[in-house]
Structures are given as C-alpha cells and as structure tokens.
Enquirer: 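Just dropping this structure here.
Note that the structure is predicted; figures quoted are calculated from it, not measured. Below, each value reflects all heavy atoms present in this structure, side chains not excepted, and no hydrogens, waters or symmetry copies.
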Amino acid sequence: LCVSSCTQATGGDLGGSGGGGYHCTCMHAMCAPRAWYFLSRHCVAAGGGCTTTTIEHSLRQRTGIILHDHLCPLRSRPFAALCLTRCCSLAETRGESPHLSARFGSAFVSGVQAEGEAKYLLASGMLKHFAVYNLEGNTPVGGTDKGYRRMYVANVSRADFLQTFIPAFEESIAQANPRTVMCSYNGVNGYPMCASPLLRSELRGRLGFDHVIFSDGGAVTFLSRCTAAPGQKPYNSWPCHNYTNDCPTAAAVAVNASVDLNSGGFMWKQNPKTGYAYEWLPQALERGLVSEALLAVSTKRIMKLRIELGLLDVDPKTVLPWSAINGSVIDSKEHRELARQSAAEGLVLLRNEGQLLPLSPSLQGRIAVIGPNADRAETMLGNYAGCYTAAQGSRRVLGNCTLVTPLQGLVNAVGNASIRYTQGCDISTSDKHGFAAAIEAARWSSATVMVMGLIGDAATSTFRGQKQEGEAFDRVNITLPGVQLDLIKEVIAVQPNTVVVLMSGGPVSQPWLAEHAPALVQAFYPGEEGGTALADAVLGKTPFSGRMPLTVVQHKGQLPPYLDQNMSAPPGRTHRYFEQEPLFAFGYGMSTGGMFEYSAAHISVLSSARPYNGTDFRVFNVSVTVTNTGHASAPEVVMVYAALSDVNDAGPAATAAPRMQLVGFTKVTALNPGASVRVAILIGARSLALVDAMGGHRLFAGEYKLHVGGRRPGSPGVFVNTTAAGCPKLPLAISANVP
C-alpha cells in the first residue's frame with residue numbers, strides 16, 4: 001500500500017549535472033496512489049488504481065478497510081506502506097506535503113490493520129521507505145543507471161531530516177501504530193539506510209518504534225558486492241554501496257543496525273550461491289560479527305508480529321471474523337462505488353475558460369473522444385495495482401479486471417451514437433498518421449475530450465517502450481512527450497469546445513495548455529472507475545473539487561539540482577521553500593459553480609494537549625466561516641498554512657524553516673449557494689516545531705502567522721486570479737503568540 005509526499009516537483013529537459021528529476025516522498029501501496037489526502041488517490045475494487053484529491057479522512061480509512069477485505073480471499077497479509085521519497089514513482093506518492101502524508105498514512109494504516117476489530121490484526125501496516133528515498137536512477141543528469149538508488153547516498157541536514165523527511169513517519173507511528181517499517185536502498189549521510197545508525201537513534205529512539213524493521217527487496221545484499229569471503233569474485237554485478245566486503249558482514253551490519261527481516265534479494269536469480277542475505281547469518285555469528293542476543297531480539301519482534309496476525313493459531317477460522325470473506329467482495333458494487341467516488345474527488349480542474357465545464361446539454365449531442373489514453377485500460381491503474389488486464393499476461397494477479405476507460409465512461413453516459421473515437425497519436429513517438437482522423441472527428445463534434453499524458457505501467461501491449469515514469473523510471477522531460485501537444489493545438493484550432501485531460505503520476509508542465517486550453521483537467525491515474533468519474537464531472541453530474549498535491553513548475557530552469565536533497569537550495573523544493581512563480585501552485589484547483597468567501601477567522605488554544613517527545617504541547621483550534629457566493633452547490637477544501645520563517649524568536653532556526661507549509665485541512669462536502677458554515681481545524685504543535693541550534697525539534701516562542709482559506713497564501717501564477725469563476729478568495733491571516 002502506498003502513501004507519500006514529494007520533496008520536489010522536479011525533472012525536465014535535463015542535461016548536465018544541474019538537471020532535475022521528480023523527487024518525492026511516498027507512501028507505498030499495493031494499489032498505485034499518488035497525490036495528497038484531500039488530493040489523494042483511491043484504490044479499491046480489484047485492488048487497482050487510485051484517485052487523487054479527496055480530503056476526507058474517513059474516505060481514505062474506508063478504502064483501507066475495503067482493501068483488507070480484498071486481502072482475505074487472496075490469502076495474503078500484505079503491508080501498507082508510507083514511502084517517504086520517490087522520484088518518478090510519483091504515482092506511488094501523496095504529494096509534497098509532510099502533513100498530508102502523515103494524515104494519509106495514519107488513516108490508511110488504521111484501515112488496513114483493522115486494529116481493535118478482533119483478537120488479531122488483519123494485516124501489518126508498513127511505512128516505507130525510511131528515509132530520504134528520493135530518486136530512482138541517474139538518467140536525468142546524463143547517466144545510464146536506472147538502479148542508481150542502490151548506491152546513492154544523500155547528504156541531508158538535520159533540519160531537512162526532521163522537518164521534511166521524517167514527519168509523516170513520526171505522525172503515522174504515533175497515530176496508527178504500524179507494525180513494520182521498511183529501510184530503503186539509498187544511503188544518508190555516509191551510511192546505507194539498512195546499515196544506518198539512524199534506525200536506532202531516530203526510528204527506534206526518538207520515534208519510539210519497537211516493531212519489525214524490514215529491508216527493501218535485496219537492500220541488505222546491496223550493502224556489498226556479496227562475495228562468500230573477502231577477496232572472492234562477487235556473485236553480482238548490480239550497482240551497490242560497497243559498504244562491506246562480503247555477504248556475512250552485510251547481513252551482520254544490517255542486524256546490528258536493527259533490521260529484523262531481510263526482504264529477499266535479487267542476486268539469487270543471477271547466481272543461486274548468493275541466496276538470501278540473512279542465510280549468511282550463521283557464518284556471521286561464527287565469526288563474531290553479530291551477537292546471539294541481537295538475533296534473539298529480532299526473533300522476538302518477528303514472532304510477536306506473527307502472533308498479532310494470528311499466524312500461530314491452530315485454526316484461525318475460529319477466531320478471525322474475516323476468515324469467511326471470499327473472492328466475491330472483489331470488484332463488488334459497493335467497492336466500485338467507493339472507487340468512483342474517490343476518483344471523482346480526485347479530479348483537479350486547472351482551467352475552465354468561459355465556463356466550458358460542465359458541458360451544457362447542447363454540447364453533449366456529439367462528443368469526439370481523442371487521445372492515446374482515452375481507451376487504454378492499463379493507464380487507469382498506474383505503476384502498482386493488485387490486478388492487471390489481459391494485455392499484461394503473466395503479471396495478472398486476480399485475472400481480468402473491469403476497468404472503465406474515459407471513452408467507455410462517456411459511452412455509458414451518453415450512448416455510443418453520440419461518441420466518435422480516434423486515438424490520434426502515440427504517447428511518445430513522432431507518428432502523426434492519426435492526426436487527420438482526429439481533426440475530422442473534432443470537426444464533426446459539438447465538443448471534444450482529449451485524454452493525453454503519460455503512462456507508468458509495465459504493459460506489454462499498446463505503446464510498448466513508451467513508458468515515461470514509474471519504478472526505475474525517472475523522467476528527463478517534464479513536458480508532454482511525442483507529438484501530443486501538436487495534436488492538441490490542431491484540434492483546438494478547429495474545435496474551441498475542447499477539454500484536455502492529463503493522465504500522469506507526476507506533474508506535466510505545459511505552459512501553452514495553461515494559457516490556451518479551453519478546459520484543462522488533471523486526472524492522474526484514476527483507477528478502475530476513473531472513466532465513470534471523469535464522464536460524471538465533464539457532464540455535470542458531480543462537481544470538480546480536487547486540489548493539486550504538488551507544485552508544477554513552469555520550465556526546467558525552476559528545478560533544483562537533481563542529486564541535491566537540500567530543501568532550500570535555490571529556487572527551493574516544494575511549496576514550502578519554492579521562491580518563484582509556478583505554473584500551477586500546490587493546493588490549486590477550481591470549482592464548477594461554487595465561489596467561496598472566508599470571514600471571522602479565529603484561533604484559540606485548547607486546554608487539552610498531546611505529548612510530543614515527552615513535552616505537552618498545546619493544540620490550536622483554527623475556526624473560520626465559509627460562505628458559498630456562487631450559483632451552485634459545491635464542495636470546498638479549507639486549508640491552513642503556517643509561515644514558519646516569520647517566527648520572530650526562532651533565531652538561526654528560521655534560516656532552515658519553510659516559508660510556508662500546510663498544517664491542517666478539512667473538506668466541506670457540499671455547500672448550497674448563499675449558505676455559510678463554521679469550520680474548525682485542529683493544528684498540533686508538531687506542525688509548527690523547528691530544529692534548534694542543538695539539533696533538537698521544538699516549539700519556539702514567538703508569533704506564528706497562520707493563513708486559512710481555499711488556497712495557499714501568496715500563491716503566484718494562475719492561483720493569484722481570485723476574480724475568475726471558481727477561484728477562491730484570498731485567505732485570511734491570523735496569528736497566535738506562543739510564550
């Protein structure tokens with residue numbers, strides 16, 4: 001299971017060492033989610049795809065609960081994962097906000113583990129990847145190694161580590177008690193993570209995690225060239241850290257670092273003599289590289305987890321209420337409806353010139369559907385999913401899944417007679433043979449829907465070799481590949497009522513579309529009911545309410561150095577540090593029909609407090625009145641940001657503080673025209689803490705400026721337009737003094 005947050009929307013037309021690549025913090029999952037929380041991607045039904053922008057805590061938790069129903073008939077006990085840092089596996093992530101990742105992780109892990117529902121857990125929630133796992137390969141800087149992550153060592157400041165890379169782990173551990181955490185392939189500050197002292201000092205110590213630490217697949221093996229003994233020829237030629245001389249030492253340093261379980265290894269496929277890394281532990285024990293006492297501690301943790309899962313029970317069916325759940329729940333009507341709801345709330349409306357969307361009844365009579373992703377089922381699921389289509393052959397897990405593409409969704413809604421479809425072009429080739437048919441269809445239509453973008457799956461059928469993103473695929477270009485933009489321009493020239501839909505895991509930067517597309521929608525990879533959800537939104541059956549979970553830059557010049565994990569390195573990573581004008585700001589998203597005003601903002605300190613690192617810190621209650629001044633009922637995402645760099649008593653800590661960051665949010669599901677509602681959001685002190693000169697993490701005395709509204713404060717770019725229909729009013733600024 002996946003959850004995540006990006007440390008930068010980067011990447012793009014890269015050449016040389018100064019290039020960027022999409023860096024993200026991710027929370028990993030069996031389905032392929034992405035975006036935030038209220039920008040979140042859902043995966044239910046056949047365990048596939050996900051959506052992107054729902055802000056409802058209960059909706060995400062319900063998805064986890066439904067997912068655990070799906071796990072039972074599969075006879076598996078998988079993990080939920082909080083991946084904190086991914087490059088172009090952006091489809092695995094939850095966006096660039098640590099707070100968003102924390103909220104998502106807590107809800108999803110709670111739903112999957114089902115703790116407290118019965119004597120045993122259903123599954124073990126796993127947070128991953130710990131930590132600073134922020135790239136796949138080195139291709140964006142001219143390299144050829146897609147597995148560069150297995151040898152890359154990040155240099156990270158104490159402030160960035162505590163303020164960016166760790167908060168989602170910390171909050172999820174405190175709130176949801178996941179039973180496993182995965183250490184990542186990469187290294188941090190001189191140590192491979194699966195051999196790092198940070199596992200004991202931070203994860204075990206400061207975060208108080210006392211359950212199982214699990215390695216990423218083959219990560220222990222990648223600590224060395226894995227020979228049987230020093231001086232022997234290595235069994236594998238994969239890039240690795242070269243941290244140890246042989247396999248027994250690699251296994252020993254991992255156990256000594258507190259890694260309890262080794263997740264296989266890849267080398268046995270090349271040479272069976274390598275085996276699994278922990279098969280070398282007997283030799284390590286004989287050589288005195290690891291103690292029996294430490295092995296006993298790890299064994300106790302593993303056995304405790306097995307007991308919590310009911311794996312040691314003689315007859316689990318007599319005590320597990322979900323033992324009777326069978327395959328009939330998979331792809332069930334109830335679960336598909338949740339997938340549809342999630343996909344609908346995940347659609348982000350980026351542009352709507354002349355209020356083209358939703359399409360009026362007069363424009364629904366003849367709809368041309370064009371684009372390489374318009375009828376490609378594999379695209380709906382993204383990089384990771386619990387089921388695959390027939391085109392993916394032997395990779396199928398659950399057999400064929402029912403995936404509703406955008407084309408099928410529109411056909412189901414208006415009838416086949418009202419639709420004309422043509423692919424138009426490929427994802428990334430220069431072939432324009434389909435242009436003529438596409439332009440003819442656009443001329444015939446009263447409105448055109450173009451479904452463009454990227455692909456991140458490993459499909460073996462259409463667009464072979466055109467994968468743009470996913471595991472081991474870092475993007476080197478942030479624009480639309482191939483001739484997609486050329487086709488869009490030609491279609492718009494003949495049909496001004498054109499809706500452009502982008503499907504992708506990471507952001508696509510195309511300034512021409514932001515300025516000229518009549519309507520522009522970011523759909524990400526919307527899951528099994530994504531086509532239904534898109535049709536509902538385009539035709540006006542459901543409103544657009546998604547918000548962007550990441551910053552979309554304008555061009556490659558706005559990207560920080562790809563291999564540098566410094567969050568504040570110019571021009572800064574993410575909305576928290578970015579100093580320039582983006583193409584689309586974090587948190588941006590338009591509404592259809594709703595216009596919202598904010599008033600009477602107030603902040604108070606609750607008498608109750610929650611512990612943070614042994615100190616009782618207060619909880620702030622931010623309240624505001626939200627009024628719909630628009631012409632139709634619509635949902636609204638209410639966000640609270642903190643300008644931490646302005647804390648007047650923070651001193652040197654302020655130099656590493658985020659310029660602003662999301663610290664709270666909620667969603668008003670539907671507000672009628674003229675109606676008002678009072679909204680309250682709790683802000684924990686953990687969200688306002690900064691790293692002091694001694695490396696501690698604490699709440700400073702001083703004035704904290706909070707901004708509450710439907711967008712982030714001072715948003716440049718298209719987000720600054722507060723007069724256009726659908727754009728929220730400026731946020732309100734309030735402050736609180738902390739003694």
Enquirer: Please tabulate, one pair per line, all N/O donor-acceptor pairs under 3.5 Å involving side-chain atoms of residues 411-422, not counting sequence neighbours.
Expert:
{"from": "Asn412", "atom 1": "OD1", "to": "Gln408", "atom 2": "NE2", "distance (Å)": "2.7"}
{"from": "Asn412", "atom 1": "ND2", "to": "Gln408", "atom 2": "O", "distance (Å)": "3.2"}
{"from": "Ser418", "atom 1": "OG", "to": "Gly365", "atom 2": "O", "distance (Å)": "3.3"}

Enquirer: Tell me every residue that passes ring pair (Phe, Tyr, Trp, His ring centres under 6.0 Å) with His631, counting only those two or more places apart in sequence or in another chain.
Expert: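 His631 satisfies ring pair (Phe, Tyr, Trp, His ring centres under 6.0 Å) with no residue once adjacent residues are dropped.
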
Enquirer: Would you say the side-chain atoms of Arg336 pair up with the backbone N or O of Glu334, donor to acceptor, closer than 3.5 Å?
Expert: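 It does not hold such a pair.
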
Enquirer: Assess Arg711 against Phe586: is NZ or CZ under 6.0 Å from the centre of the six-membered ring, and within 45 degrees of the ring's axis?
Expert: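 Judged by the rule, Arg711 and Phe586 form no cation-pi pair.
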
Enquirer: Between Thr532 and Glu529, does any side-chain donor sit less than 3.5 Å from a side-chain acceptor?
Expert: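 Judged by distance alone, the side chains do pair up.
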
Enquirer: Please say whether more than 12 non-hydrogen atoms of neighbouring residues, nucleotides or ligands are located less than 6.0 Å from CD in Glu337.
Expert: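 More than 12 heavy atoms, drawn from other residues, nucleotides or ligands, come within 6.0 Å of this atom.
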
Enquirer: In the structure I gave you, are the side-chain heavy atoms of Glu345 and Pro635 within less than 4.5 Å of one another anywhere?
Expert: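 No. Closest side-chain heavy atoms not under 4.5 Å.
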
Enquirer: Which word best sums up how the rings of Tyr588 and Phe584 line up, parallel for under 30°, tilted for 30 to 60°, or perpendicular for over 60°?
Expert: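 Taking Phe584 first and then Tyr588, their aromatic rings lie parallel (interplane angle under 30°).
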
Enquirer: Looking at Cys425, is its backbone amide N or carbonyl O close enough to the side chain of Gln423 to form a donor-acceptor pair, meaning the two atoms are under 3.5 Å apart?
Expert: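 Pair found, side chain donor or acceptor close to backbone of Cys425.
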
Enquirer: Might you point out which heavy atoms bring Thr592 and Leu357 nearest each other, and give the distance in Å?
Expert: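 Nearest heavy atoms, Thr592 then Leu357: CG2-O, 3.7 Å.
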
Enquirer: Check whether Glu96 reaches the backbone of Thr551 with its side chain - one donor and one acceptor, N or O, closer than 3.5 Å.
Expert: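 Such a contact is found between Glu96 side chain and Thr551 backbone.
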
Enquirer: Taking the side chain as everything from C-beta on, heavy atoms only, tell me whether Ser509 gets closer than 4.5 Å to Pro507.
Expert: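 SC-SC contact between Ser509 and Pro507 ruled out.
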
Enquirer: Looking at Leu338, is its backbone amide N or carbonyl O close enough to the side chain of Ser342 to form a donor-acceptor pair, meaning the two atoms are under 3.5 Å apart?
Expert: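 Side chain of Ser342 to backbone of Leu338: no pair is present.
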
Enquirer: Are any side-chain N or O atoms of Arg376 and backbone N or O atoms of Ile455, one a donor and one an acceptor, separated by less than 3.5 Å?
Expert: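 Not a single qualifying donor-acceptor pair exists.
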
Enquirer: Please name the pair of heavy atoms, one in Ala533 and one in Ala344, separated by the smallest distance, quoted to 0.1 Å.
Expert: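 Closest heavy-atom pair between Ala533 and Ala344: CB-N, 3.5 Å.
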
Enquirer: Considering non-hydrogen atoms only, spot the tightest contact between Pro406 and Met503 and give its length.
Expert: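 Shortest heavy-atom contact: CG-CE, 3.4 Å.
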
Enquirer: Quick check: do Arg103 and Phe665 have side-chain heavy atoms less than 4.5 Å from each other?
Expert: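 Heavy-atom side-chain distance check passes, below 4.5 Å.
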
Enquirer: Between Val449 and Val501, does the side chain to side chain contact (heavy atoms under 4.5 Å, CB included) criterion hold? Intermediate values first, please.
Expert: CA-CA 7 Å; Val449 177; Val501 179; 4.2 Å; yes

Enquirer: Under 3.5 Å, side-chain donor or acceptor atoms of residues 481-493 against the rest of the protein: list the pairs with distances, not counting sequence neighbours.
Expert:
{"from": "Gln484", "atom 1": "OE1", "to": "Gly453", "atom 2": "N", "distance (Å)": "2.8"}
{"from": "Gln484", "atom 1": "NE2", "to": "Ile427", "atom 2": "O", "distance (Å)": "3.0"}
{"from": "Gln484", "atom 1": "NE2", "to": "Gly453", "atom 2": "O", "distance (Å)": "2.8"}

Enquirer: Rounded to the nearest 0.5 Å, what separation is found between the CD1 atom of Ile478 and the CD atom of Gln554?
Expert: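 So the gap between those two atoms works out to 10.0 Å.
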
Enquirer: Do you know the tightest heavy-atom contact between Ser110 and Ala176?
Expert: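 Closest heavy-atom pair between Ser110 and Ala176: OG-CB, 3.5 Å.
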
Enquirer: Looking at residues at least two apart in the chain, or sitting in another chain, which of them share a ring pair (Phe, Tyr, Trp, His ring centres under 6.0 Å) with Trp444?
Expert: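 So Trp444 forms no ring pair (Phe, Tyr, Trp, His ring centres under 6.0 Å) with any residue.
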
Enquirer: Would the distance check show the side chain of Thr405 and the main-chain N or O of Asp375 forming a donor-acceptor pair, the cut-off being under 3.5 Å?
Expert: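 No: the side chain of Thr405 does not pair with the backbone of Asp375.
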
Enquirer: Show every side chain to side chain donor-acceptor pair (under 3.5 Å) that has at least one partner inside residues 362-374, sequence neighbours left out.
Expert: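 Every pair satisfying side chain to side chain donor-acceptor pair (under 3.5 Å) with a residue in residues 362-374: Ser360-Ser362, Asn373-Thr379.
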
Enquirer: Given side-chain hydrogen bond (donor to acceptor under 3.5 Å, both in side chains), test Thr429 with Asp431 step by step and report yes or no.
Expert: CA-CA 6 Å; Thr429 72; Asp431 187 357; 5.2 Å; no

Enquirer: Is the backbone of Gly456 close enough, under 3.5 Å, to the side chain of Tyr525 for a donor and an acceptor to pair up by distance?
Expert: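 The answer is yes, because a donor-acceptor pair under 3.5 Å joins these two groups.
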
Enquirer: So do the side chains of Pro526 and Met380 get within less than 4.5 Å of each other, counting heavy atoms only?
Expert: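 Yes; the side chains approach each other to less than 4.5 Å.
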
Enquirer: List the steps and the verdict of side chain to side chain contact (heavy atoms under 4.5 Å, CB included) for Ile367 and Thr448.
Expert: CA-CA 5 Å; Ile367 301 176; Thr448 294; over 6 Å; no

Enquirer: Please walk me through it: do Leu356 and Val499 pass side chain to side chain contact (heavy atoms under 4.5 Å, CB included)?
Expert: CA-CA 8 Å; Leu356 175 59; Val499 180; 4.0 Å; yes

Enquirer: So, do Val404 and Arg340 sit near enough that their side-chain heavy atoms are less than 4.5 Å apart?
Expert: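 No, their side chains stay 4.5 Å or more apart.
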
Enquirer: Any donor-acceptor pair under 3.5 Å linking the side chain of Arg351 with the backbone of Ala517?
Expert: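 It does hold such a pair.
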
Enquirer: If you take all heavy atoms of Gly710 and Met639, which pair is closest and at what distance?
Expert: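 In this case the closest contact between Gly710 and Met639 is O-CE, 3.1 Å.
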
Enquirer: As a quick check of understanding, evaluate side-chain hydrogen bond (donor to acceptor under 3.5 Å, both in side chains) for Ser545 and Lys667, giving each step before the final call.
Expert: CA-CA 10 Å; Ser545 63; Lys667 186 171 188 176; 3.1 Å; yes

Enquirer: Within the distance-only criterion (no hydrogens, no angle test), does the side chain of Asn628 pair as donor or acceptor with the backbone N or O of Gly630 below 3.5 angstrom?
Expert: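 Yes, Asn628 side chain to Gly630 backbone: donor-acceptor pair under 3.5 Å.
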
Enquirer: Only one of Glu469, Gln522, Arg475, Gln468 clears side chain to side chain donor-acceptor pair (under 3.5 Å) with Ser504; which?
Expert: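 Going through Glu469, Gln522, Arg475, Gln468 one by one, the side chain to side chain donor-acceptor pair (under 3.5 Å) with Ser504 is satisfied by Gln522 alone.
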
Enquirer: Would the distance check show the side chain of Glu636 and the main-chain N or O of Val668 forming a donor-acceptor pair, the cut-off being under 3.5 Å?
Expert: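 No.
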
Enquirer: Could you state the interatomic distance from OG (Ser445) to CD (Glu440), rounded to the nearest 0.5 Å?
Expert: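 The CD atom of Glu440 is 11.5 Å from OG of Ser445, to the nearest 0.5 Å.
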
Enquirer: Does Val521 reach the side chain of Leu350, with side-chain heavy atoms less than 4.5 Å apart?
Expert: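 They are not in contact (no side-chain heavy atoms under 4.5 Å apart), so the answer is no.
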
Enquirer: Output every pair passing ring pair (Phe, Tyr, Trp, His ring centres under 6.0 Å) with a member in residues 341-376, not counting sequence neighbours, ordered by first then second residue.
Expert: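 Non-adjacent pairs meeting ring pair (Phe, Tyr, Trp, His ring centres under 6.0 Å): zero.
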
Enquirer: Evaluate the criterion side chain to side chain contact (heavy atoms under 4.5 Å, CB included) for residue pair Phe596 and Val638; output intermediate values, then yes/no.
Expert: CA-CA 10 Å; Phe596 300 94; Val638 182; over 6 Å; no

Enquirer: First locate atom CD of Gln510, then atom CG of Leu583, and finally report the distance between them rounded to the nearest 0.5 Å.
Expert: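 Spacing of CD (Gln510) from CG (Leu583) equals 9.0 Å.
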
Enquirer: Can you find a pair of side-chain heavy atoms, one from Leu502 and one from Val500, that are under 4.5 Å apart?
Expert: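 In short, these two side chains touch, coming nearer than 4.5 Å.
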
Enquirer: Can you give me the closest heavy-atom contact between Gly125 and Val109, atom names plus distance?
Expert: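 Minimum heavy-atom separation between Gly125 and Val109: CA-CG1, 4.2 Å.
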
Enquirer: Could you tell me whether the side chain of Ser633 reaches within less than 4.5 Å of the side chain of Asn672, counting heavy atoms only?
Expert: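 Of all side-chain heavy-atom pairs linking Ser633 with Asn672, at least one is under 4.5 Å.
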
